[in-house]
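Note sheet for the following structure.
Below, chains carry the letters A, B, ... as their sequence lines are ordered, and counting in each starts from 1.
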Amino acid sequence: MQFLPQSFYARSARKVAEELLGKRLVRLLGADRVSGIIVETEAYCDADVPDLACHGDRANNGRPTARTAVMFGPAGHAYVYFTYGMHWMFNVVTGNDGEANAVLVRALEPDEGLETMRALRRRSDKELTNGPAKLAQALVIDKTLNGVSLLDSNDSIWIEEGIHISRERIATGPRIGMGQTPEPWFSMPWRYWIRDHPFVSR
DNA sequence: CCGGCGATGGTCT
DNA sequence: GACCATCGCCGGC
């Protein structure tokens, strides 16, 4: 297996968000390998740029809280948080240790473990992983994975090399769900996706 | 099939 | 009360 090295993650969130497109997110469930190709991401708290859309900058004046502590830790770890009373979101920590940096993985193209995903999601195939909470459900991602390392297989979740995505196929735009977030953060084009891909979330 | 809308309901503010 | 969302239901094409 080719685990992405820590040096891949220890860069700006925007760079990592763009380069995660085409990589393979793998979850090991017992003997079952469940995986998908990453097709949509969002950068939060990019290095040295204040980001009021980001938990790490919005909460507690940019200081860590119990919820956001992992974001401030070393790159290459999972930041998993809970929202809307029922959904888990999977992020990867990027940037420098001590700074809040992360990339939200918003959608996958299912690859391995289709039968497992179908049993977990109970939806049509195109609805298996085309949204951040959907892919968390399809890969059984919850708070028990908050803070674990993605740099080896010890915690049954990691990211591998996948398929190459040429620059022409990458689209960018404002992030989803900005709500009352003020400008300029509301419109910052820190969402990345594979153009016209059927598993992108909207 | 697709878009709008209300309900959902834990955690942190 | 807001929140990095989804689902079921309703109307329309």
Side-chain angles (χ1 to χ4, degrees), chain A residues 9 12-18 20-21 25 36 38-47 49-73 77-95 99-108 110 117-147 150 159 171-193 196-202:
Chain A
Y9 299 103
S12 84
R14 276 178 287 177
K15 191 77 178 167
V16 175
E18 179 171 4
L20 275 176
L21 297 177
L25 175 60
I38 296 172
V39 301
E40 181 183 357
T41 59
E42 284 178 357
Y44 285 89
C45 291
D46 196 69
V49 182
D51 181 9
L52 291 195
C54 169
H55 294 163
D57 279 342
R58 192 171 52 204
N60 200 22
N61 287 323
R63 307 277 303 159
T65 67
R67 183 200 207 191
T68 64
V70 171
M71 275 189 96
F72 290 80
H77 290 243
Y79 168 45
V80 180
Y81 70 86
F82 191 70
T83 192
Y84 291 108
M86 61 189 100
H87 298 308
W88 297 98
M89 303 283 144
F90 173 75
N91 303 251
V92 301
V93 178
T94 63
E99 297 175 2
N101 266 197
V103 171
L104 171 65
V105 177
R106 288 192 53 88
L108 306 174
M117 292 193 206
R118 289 176 181 130
L120 287 163
R121 289 278 303 138
R122 298 164 173 271
R123 293 287 178 280
S124 69
D125 280 8
K126 67 177 187 179
E127 300 279 333
L128 290 178
T129 54
N130 63 335
K134 297 177 185 180
L135 73 88
Q137 187 177 14
L139 270 61
V140 194
I141 292 170
D142 62 21
K143 66 180 176 185
T144 64
L145 295 182
N146 188 35
L150 302 171
I159 301 176
T172 64
R175 295 167 291 184
I176 304 292
M178 290 297 93
Q180 303 306 309
T181 303
E183 294 289 5
W185 300 281
F186 186 93
S187 299
M188 282 182 172
W190 289 4
R191 174 176 174 238
Y192 298 80
W193 68 95
D196 299 326
H197 196 286
F199 283 90
V200 169
S201 67
R202 293 200 190 170

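When heavy atoms are screened at a 4.0 angstrom cut-off, Thr65(A) is found touching the sugar-phosphate backbone but no base atom. Contact annotation for Phe82(A): backbone-only contact, meaning every heavy-atom pair under 4.0 Å involves sugar-phosphate atoms and none involves a base. Within the nucleic acid shown, Ala53(A) comes within 4.0 Å of at least one base atom, counting heavy atoms only. Contact annotation for Arg67(A): backbone-only contact, meaning every heavy-atom pair under 4.0 Å involves sugar-phosphate atoms and none involves a base. Across all strands, Lys143(A) comes closer than 4.0 Å to no nucleic acid atom at all (heavy-atom distances). As judged by a 4.0 angstrom heavy-atom cut-off over every strand, Met86(A) is placed among the base-contacting residues.
Counting to the nearest Å, the C1' atom of dC4(C) and the CG atom of Asn91(A) are 8 Å from each other. Atom NE2 of His55(A) is separated from atom C1' of dC3(C) by 7 Å (rounded to the nearest Å). A straight line from NZ of Lys126(A) to C1' of dC1(B) spans 7 Å, rounded to a whole angstrom. Between Glu127(A) atom CD and dC2(B) atom P the separation is 10 Å, expressed in whole Å. Going from atom CD1 of Ile176(A) over to atom C1' of dC3(C) covers 15 Å, rounded to whole Å. Rounded to whole angstrom, the span from the CG atom of Asp142(A) across to the C1' atom of dG10(B) amounts to 14 Å. As rounded to whole Å, 10 Å separates atom P of dA5(C) from atom CZ of Arg191(A). Put simply, OH on Tyr81(A) is 9 Å from C1' on dA5(C), counting in whole angstrom units.
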Going through the distances and angles, do Tyr79(A) and Arg67(A) end up as a side-chain contact (heavy atoms from CB on, under 4.5 Å)? CA-CA 9 Å; Tyr79(A) 168 45; Arg67(A) 183 200 207 191; 4.2 Å; yes
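Between Pro110(A) and Phe199(A), the closest heavy-atom pair is CD-CE2, 3.4 Å. Taking every heavy atom of both residues into account, Ala107(A) and Ser201(A) meet most closely at CB-N, 4.3 Å.
In this structure, the side chain of Asp51(A) does not engage the main chain of Tyr44(A) through any donor-acceptor pair within 3.5 Å. The closest donor-acceptor contact from the side chain of Arg175(A) to the backbone of Ala43(A) lies under 3.5 Å.
Close to dC7(C), at under 4.0 Å from its OP1 or OP2, lies a side-chain N or O of Arg121(A).
Annotation: the span from Ser12(A) atom OG to Glu18(A) atom CD amounts to 9.5 Å, rounded to 0.5 Å.
Within residues 128-136 of chain A, the residues approaching DNA chain C are Gly131(A), Pro132(A), Ala133(A), Lys134(A), by heavy-atom distance under 4.0 Å.
dG8(C) and dC5(B) make up a base pair, with Watson-Crick or G-U wobble contacts both under 3.5 Å.
Remark: the Lys126(A) side chain and the Asn130(A) side chain contain no N/O donor-acceptor pair separated by less than 3.5 Å.
Heavy-atom neighbours of Glu183(A) CD from other residues, nucleotides or ligands within 6.0 Å: above the threshold of 12.
Among the nucleotides dA5(C), dC3(C), dG8(C), the one closest to the side chain of Arg123(A) is dG8(C).
Residue-to-nucleotide proximity on DNA chain C shows that, of Gln180(A) and Gln137(A), the 5′-proximal contact is made by Gln180(A).
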